[in-house]
Amino acid sequence: MEYNFNDIERKWRKHWADHKTFAAEDNSTKPKYYVLDMFPYPSGAGLHVGHPLGYIASDIYARYKRLRGYNVLHPMGYDSFGLPAEQYAIQTGQHPAITTEQNIARYRDQLDKIGFSFDWEREVRTSSPEYYKWTQWIFKQIFNSWYNTKTDKAESIDSLIAEFEKNGNSEVKAVSEFTDLFTADEWKAYSEKEKSDILMEYRLAYLADSWVNWCPALGTVLANDEVINGLSERGGHPVEQKLMRQWSMRIKAYAERLITGLDTVDWTDAIKDMQRNWIGKSVGCSVRFQVAFDSAQSPEAQIEVFTTRPDTIFGVSFMVLAPEHPLVDEITTAEYKDAIEAYKTAASLKSERDRQADVKNITGQFTGAYAIHPFSGEKIPVWIGDYVLASYGTGAVMAVPCGDQRDWDFAKHFNIPIKNIFENVDISEAAYTEKEGTIADSGFLTGLSVKEAMKAAIAKIEEHQLGFGKTNYRLRDAIFSRQRYWGEPFPVYYKNDIPHLVDDAHLPIELPEVDKYLPTEDGEPPLARAEKSAWKYSEGDRMEYNTMPGWAGSSFYFLRYMDPHNTQEFVSKEKADYWNQVDLYIGGSEHATGHLLYSRFWCKFLFDMGYISFDEPFKKMINQGMILGKSAIAYIGADDKLYSYDLIENQLKSEKEIANHVADKITDTEIPNSIQTYREVRILIDLINDDESIKIDELRTWQPQFEDIELVPNENGKITVRREVDKMSKRWFNVVTPDDLCEKYGADTLRMYEMFLGPLEQTKPWDTKGISGVHNFLRKLWRLFYNEGQLIVTNEPASKESLKTLHKTIKKVEDDLERYSFNTNVSNMMICVNELTDQKCHSKEVLEQVVILLAPYAPHAAEELWEALGHEAGTVSTAQFPTFNPDMLVEANTVYPVSFNGKMRFNAELPTTFSAKEVEEAVLAMPEAQKWLEGKAPKKVIVVPGKIVNMVV
RNA sequence: GCGGAUGUGGUGAAAUUGGUAGACACGCUAGACUUAGGAUCUAGUGCCGAGAGGUAUGCGGGUUCGAGUCCCUCCAUCCGCACCA
C-alpha cells in the first residue's frame with residue numbers, strides 16, 4: 001500500500017469528528033491540562049502558512065499530553081468582532097455578521113484540513129449574542145466596582161455607597177482622581193445626578209472626557225497607530241485632538257499587581273519587560289516648591305514636581321514646566337510674556353509625534369519667575385520646555401543638571417550654572433546618573449550615600465509637609481469606547497443623562513440593525529442610526545451608542561471555553577476551579593501590551609470578585625515567531641520594458657549605495673539619473689518558477705500593466721526577480737496558503753515541515769524548498785511497514801540496536817516537548833526512521849512504539865499505521881506514551897571521559913555494549929580508576945549514557 | 001539612549017549538567033536504475049591541503065584537562081520602548 005495521504009487524512013478527519021475523539025471531560029480522574037492558542041480574527045484573506053505555526057505547536061503538545069494520560073482542554077474559537085468586516089460592510093452594504101460567518105466557515109475548513117485536535121464542541125465566537133451576553137455582564141460587574149486600596153482589591157460599589165452613607169468619603173482609600181471631601185449628610189443630600197457623577201469617579205469602568213484622535217472625514221476615533229503624521233493611515237485625512245465623553249477602564253488600579261504578578265508566570269523576559277516598561281513604575285516622591293513672592297499673582301502659587309531622585313534636591317538649579325502647565329500664565333513676568341507666548345504657540349503647533357521625533361534640539365524659555373528652594377531658600381529660575389511632558393507626573397520637574405543628562409544638556413545650552421552635589425565626581429563633561437556614591441554640599445544630606453539620602457530626603461519632605469513619597473505609573477487608563485458598529489453594545493441606557501445598567505434578565509443587548517454602518521451626520525456613532533424599535537431591548541431616553549473595543553471579548557474567552565454553553569453564568573465556579581489557569585498559551589508577542597495586559601487585568605478583577613480562584617490567566621506562554629513572505633520584485637525600466645533582475649543586479653547594488661548617501665547629503669538635483677532608471681514592481685509569487693524566473697504567460701494575464709510589456713530577458717531567455725523578505729500580506733502578493741500544500745503533500749507533511757523550519761520563537765521567512773525532505777520521511781516511514789502493498793511487520797524480537805534507536809528517540813521527544821522547544825523533534829523522528837531502515841527493523845515491538853511517538857506530529861499517518869498493526873481504529877490518540885529505559889542507550893565502543901569531583905582524570909574506552917550500571921562497574925574495575933580513588937569507594941557515580949562518567953569521591 | 005533577543009557550512013539549522021562542532025534536511029557533485037524525471041537508490045559534500053595534516057561556531061581576551069556552551073570588552077543584525085523627571 002502506498003502512502004496515500006489524501007485518502008488517509010480524509011478518513012481520519014472524519015473518524016475524529018464522528019467520534020468526538022478530542023472532547024475534553026469536565027470531570028475526570030485524570031489530571032487536567034489546558035493548552036490554548038490565541039484565537040484568530042477571521043479575516044477575509046483566510047489563513048496563510050504563518051497562522052497555523054503556533055496552532056501546530058500547541059496541537060503537538062496537546063496530543064502529547066493526552067498520550068501522557070492528561071485530560072486535555074484544547075479549544076478554538078474566533079475573535080470575530082473587528083474592523084475589516086465593518087469596513088467591508090461600509091463599502092458593500094453587506095451585514096458584517098454575514099461576512100464574518102463566511103470567513104469563519106473558510107477558516108474552519110482550512111483548520112480542519114490540518115488535522116488539529118480541537119474540541120470544537122466548545123467553540124466560542126465573540127460576536128455571537130450567547131457569548132457577548134457575558135462580555136456585557138462582566139462590564140456590568142466592573143462598572144459596579146471600585147478599587148479599595150486598603151484591602152488592595154476591587155469591591156462592589158455597594159460597599160462604597162454604604163460607607164458614603166455612614167461616614168462620607170473622608171476615610172475612603174480608593175484609586176480615584178476625586179479629591180473633594182464630603183460628609184455622610186452631604187452625600188445624602190446630593191441629587192441623583194451628583195451621586196452618579198461622584199460614583200463615576202470611583203467606578204472601575206467609568207465615563208470621562210478623554211482626548212482622542214478624531215478624524216472628521218472618517219467620522220471616527222482612531223488609535224494612535226492609525227495616525228501617521230497627523231493624517232489618518234487610511235485615506236490620509238486630517239486628524240484632530242478632540243475631547244470626547246468615553247468609557248474607560250481603571251486599569252491603573254491594578255498597575256502594581258500587574259507588575260508583581262509577572263513574577264508568578266513563566267513567560268519570556270522579553271514580554272515581561274515589555275509589560276513592565278509599559279506600566280512604567282517609578283518610585284520617588286512629590287515635592288512642592290513655593291513660587292517666589294514677587295513672581296506670582298497669588299501668594300499661594302506652588303509648583304508640584306515628581307522626582308525619583310529626592311536625594312539630589314540640593315542640586316536643583318532650575319525648574320522646568322511643560323508649556324501646557326496651568327501655572328505658566330500666572331507666573332510669567334510681564335517682561336517675558338511675549339517670549340513665553342511665542343514658545344507656547346510653537347510647541348502647540350508641533351504634533352506629539354513631531355515633538356518626540358525632535359529630541360536633539362534643546363528648546364526652552366525662561367518665565368522670569370523664581371521658585372524658592374524649600375531647604376536652602378535659594379531662588380531657582382523657572383523655565384518652560386517641551387522636553388517636559390504635561391501628561392506625565394505633574395507636568396513639572398526640578399532640574400538637577402549634575403544628576404540628569406537632559407537637565408545637564410538644558411543647563412549647558414542656556415548657560416545655567418551647574419551645581420555638583422556628588423563627592424569626588426567629575427561632571428564637567430556629562431551628568432553623573434549612577435545611583436551610588438556619596439552626597440556632598442547638601443545640607444542635612446551631606447555625607448550620606450545616595451540610598452540613605454533618598455530615605456532621609458523623603459522623611460524630611462514629609463516632616464515639613466512639602467510632599468510625600470509616591471509611586472508613579474506611566475500606564476494610562478484604557479479607553480473602552482469605540483464609535484463603531486461591529487462590536488459589543490454596552491448594557492447601558494441613559495435617563496436624564498445619567499447612565500444606568502440594563503438588568504441581567506435583559507442581556508444580551510443585541511446589536512440593532514442600522515441602515516448604514518457609518519457615523520451619523522452630527523458625528524454620533526453608527527448605533528445612533530438605529531430606530532428605537534430596532535433595539536430588541538431599550539429603556540430610558542436612549543441606549544449607549546458606543547460599542548466596546550476589540551479587546552473586550554478576548555479578555556475572558558479562555559474562561560468561557562471551560563463552560564461555553566452555560567446560560568446562567570459566564571463560567572461555573574466548579575468548572576473554573578477544575579480547569580483553572582491556562583497551562584500553556586501559545587501566540588504572537590505582538591499582543592504584549594494589549595490583549596495580554598487586559599486579560600490579566602480582567603482575570604485579577606474576576607478573582608477579586610470571587611468568580612474564579614486564580615489571578616493570573618496564563619501560567620506559561622510561548623510566543624511563536626512570525627512567518628514572513630518572500631516577495632518577488634521585478635524591475636521596469638524608464639523605457640517601460642521589463643528587465644531581468646540578474647542583468648541589472650550589480651548596477652543596482654552600487655546605485656543603492658549612492659541612494660543611501662543621497663538621502664542625507666545630496667540634494668535632489670544631484671541624484672544621478674541612473675537611480676531613477678528602474679522602478680520596482682511586486683509580482684504575485686505564484687507566478688514565479690523555482691529558478692526565480694517569471695511565468696511570462698501568466699504574468700500577462702495577471703495585471704493589465706503587463707499585458708503588452710516588452711521584455712529584456714537574460715541569456716537563458718528568462719526574466720528573473722529579486723526576492724525580498726516582507727510580512728506576509730495580500731498587498732505584497734507574497735501570501736502562501738496552507739491549502740495548496742495540504743493538497744500536494746498532505747497535512748502531516750505540512751505540520752512537520754512547519755515545525756522543521758527552525759526555532760518556534762524565531763521570525764523566519766517561509767520557504768517551501770525543504771518540504772520534500774519531510775515528505776520523503778513519511779514515505780520512508782511507510783516503507784518500514786509496507787513492501788509492495790504488503791504489511792511486513794513481524795513478531796520477531798527487536799534487536800538491541802533497534803531498541804537503542806527507539807529509546808533514544810523516546811528520550812529526545814520527551815525532552816523536547818517537556819522543554820517546549822518544537823524545533824528538533826521532527827528531526828528526531830527522521831533519524832529514528834533512518835536508523836530503523838538501515839537496521840532493516842520490522843519488529844512490531846519497536847514499530848508500535850514509533851507510531852505512538854509519531855502520533856502528535858503526524859496524527860493521520862499514525863492512526864493509519866496503528867490500525868494496520870491491529871489496534872482499534874482511532875485509539876492511538878489515547879495510547880500510552882512509551883516508557884524510556886536509559887539502559888537501552890549505552891553505546892558500544894564509547895570513550896567515556898571519567899571525572900572525579902568534576903576534574904577530568906582519564907578516558908575510559910569501553911569495548912562492548914553496557915547498561916549504565918555495567919558502565920559504572922567497568923570503569924570502577926579499571927586500574928586508572930583505582931589509582932585516582934586510592935582504594936576508596938566513590939560516594940556517588942553519575943553515568944550520562946554515552947557521554948561521561950562523573951564520580952564524587 | 002534604554003530594555004530584550006540573536007550571531008555556527010552554499011541554505012534552514014542541531015549540539016538537552018562544559019565532553020567527538022555542523023546531527024537532520026535542502027542544495028550541490030558523481031554514479032546506478034530508467035523511454036523519461038521536479039521519481040527512486042548509492043557515495044561524497046565546513047574551509048585550506050595532492051596528502052599527512054592543519055584549521056574552524058561575529059571580533060578580542062579570560063576561566064578550565066576540555067568552551068558554540070561559563071565570564072569580560074567590543075562589533076553587527078532584529079524586536080520592543082523612547083525627552084517618563
Side-chain angles (χ1 to χ4, degrees), chain A residues 268-282 284 286-287 305-310 312 319-320 322 355-363 385-389 391-400 403-407 409-410 433 472-475 589-590 592-593 623 625-626 689-691 725 752-753 756-759 761-777 779-780 783 811-812 814-816 818-819 821 823-834 894-899 902-907 942 944 946-950:
Chain A
T268 62
D269 288 341
I271 299 276
K272 287 187 181 184
D273 281 339
M274 265 190 241
Q275 291 211 345
R276 287 196 194 101
N277 199 313
W278 189 258
I279 297 166
K281 177 181 181 175
S282 36
S286 75
V287 193
V305 300
F306 174 76
T307 177
T308 56
R309 296 295 303 274
T312 63
M319 304 191 75
V320 188
R355 258 164 86 163
Q356 283 173 9
D358 186 20
V359 296
K360 278 170 206 149
N361 286 331
I362 297 163
T363 64
D386 65 4
Y387 83 96
V388 176
L389 305 176
S391 56
Y392 183 76
T394 60
V397 300
M398 56 175 229
V400 183
D404 183 289
Q405 193 56 46
R406 288 155 308 159
D407 297 345
D409 293 339
F410 194 89
T433 55
N472 243 338
Y473 298 94
R474 187 160 66 226
L475 181 71
S589 57
E590 67 272 19
T593 53
N623 305 107
M626 207 189 320
N689 295 308
D690 285 349
D691 63 357
V725 174
M752 296 191 81
Y753 184 60
F756 187 75
L757 273 179
E761 295 90 339
Q762 193 171 298
T763 300
K764 49 203 173 270
W766 178 261
D767 189 339
T768 319
K769 282 200 180 116
I771 200 167
S772 62
V774 175
H775 191 62
N776 284 342
F777 154 76
R779 295 159 49 120
K780 205 165 174 180
R783 288 199 294 274
K811 176 86 172 100
K812 291 218 169 212
E814 209 173 86
D815 282 355
D816 272 343
E818 295 296 354
R819 292 174 61 246
S821 42
N823 51 337
T824 57
N825 46 20
V826 182
S827 305
N828 296 332
M829 295 310 299
M830 290 183 182
I831 295 165
C832 175
V833 167
N834 283 351
T894 300
V895 176
Y896 281 83
V898 181
S899 80
K903 294 276 180 193
M904 192 273 191
R905 299 304 187 195
F906 67 93
N907 288 313
I942 305 152
V944 181
K947 288 217 169 146
I948 189 165
V949 180
N950 281 305

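In this text the structure is predicted, and so the values were computed from the model without any measurement.
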Approximate separation, where rounding is to 0.5 Å, of A/N472 CG and A/T307 OG1: 10.5 Å
Value in whole Å for how far the P atom of B/rA39 lies from CZ of A/R779: 9 Å
Side-chain N,O (A/Q405) to OP1/OP2 (B/rA85) below 4.0 Å: no
Integer-rounded Å distance: B/rC79 P and A/E761 CD: 18 Å
A/N834 and A/K780 side chains, donor-acceptor separation under 3.5 Å: yes
Polar side-chain atom of A/K764 near backbone of A/Q762 as donor-acceptor pair, under 3.5 Å: yes
Rounded distance (Å) that lies between atom C1' of B/rA5 and atom NZ of A/K272: 16 Å
Under-4.0 Å salt bridge between A/D273 and A/R276: yes
Rounded interatomic separation in angstrom, taking CZ from A/R474 and C1' from B/rC83: 11 Å
Polar contact flag, side-chain donor to acceptor under 3.5 angstrom, A/S282-A/Y392: yes
Side-chain touch A/V774/A/M830, heavy atoms, less than 4.5 angstrom: yes
Heavy-atom check, side chain of A/W278 versus side chain of A/R474, under 4.5 Å: no
Whichever of A/D273 and A/I831 has its nearest RNA chain B nucleotide further upstream toward 5': A/D273
Heavy-atom side-chain proximity of A/M398 to A/V400 below 4.5 angstrom: yes
side-chain N/O A/R406 vs B/rC84 OP1/OP2, d < 4.0 Å: yes
Nearest-nucleotide pick for A/F756, side chain only, options being B/rG12, B/rG4, B/rA14: B/rG12
Bracket string, RNA chain B, 5' to 3' - pairs by Watson-Crick or G-U geometry under 3.5 Å, | interstrand: (((((((..(((......[....)))((((((.......))))))(((....)))..(.(((..]....))).))))))))....
A/S827 side chain, from C-beta outward: closest of B/rU16, B/rA85, B/rA23: B/rA23
Between P of B/rC26 and OH of A/Y753, the distance in whole Å: 10 Å
Any A/N623 side-chain heavy atom under 4.5 Å of A/T268 side chain: yes
N or O in side chain of A/T593 less than 4.0 angstrom from B/rG80 OP1/OP2: no
Length of the line joining A/N834:CG and B/rC26:C1', which is rounded to integer Å: 14 Å
Closest-nucleotide ordering on RNA chain B, the 5'-leading residue of A/A270 and A/G395: A/A270
Under 3.5 Å, which protein N or O atoms sit close to an N or O of nucleotides 41-44 of chain B? Give each pair with its distance.
unit_1 : atom_1 : unit_2 : atom_2 : d
B/rC41 : OP1    : A/R783 : NH2    : 2.9

